[in-house]
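Read the structure below first, then the notes.
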Amino acid sequence: MLRSLGHDVLDVGAFNENPSDYPDFAEAVGRALLDHKAERGVLICGSGVGVSVAANKLPGSAQRSATIPIPRIKAWSTMT
């Protein structure tokens with residue numbers, strides 16, 4: 001969807017439906033932002049709480065959470 005709106009996308013995973021550790025992805029997005037590889041980040045998880053906590057542990061990160069009504073996607077977090 002973001003590409004169709006003309007945005008460049010750096011996808012750091014997950015690349016399959018296997019169980020994974022959300023803190024790893026929160027850190028990957030945060031590092032991309034802190035390393036200036038991205039201007040904004042989007043994290044998607046079941047509630048948004050876990051990725052929010054993990055993302056805010058990175059020094060210099062500031063993230064926001066929101067719940068949106070999309071089937072199977074319960075929450076997302078953005079980092080700037």
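Rounding to the nearest 0.5 Å places CD of E27 at 6.0 Å from CG of L58.
By the criterion of side-chain heavy atoms lying less than 4.5 angstrom apart, applied directly or through intervening Ile, Leu, Val, Met, Phe, Trp or Tyr residues, L33 is not grouped with F25; the two fall into different hydrophobic clusters.
Residues passing the side-chain contact (heavy atoms from CB on, under 4.5 Å) test with D24 are D21, sequence neighbours excluded.
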For a quick test of your reading: what N or O donor-acceptor pairs under 3.5 Å do the side chains of residues 4-13 make, sequence neighbours left out?
unit_1 : atom_1 : unit_2 : atom_2 : d
S4     : OG     : M1     : O      : 2.6
D11    : OD1    : G13    : N      : 2.9

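Closest approach of A55 and A26 over heavy atoms only: N-CB, 3.9 Å.
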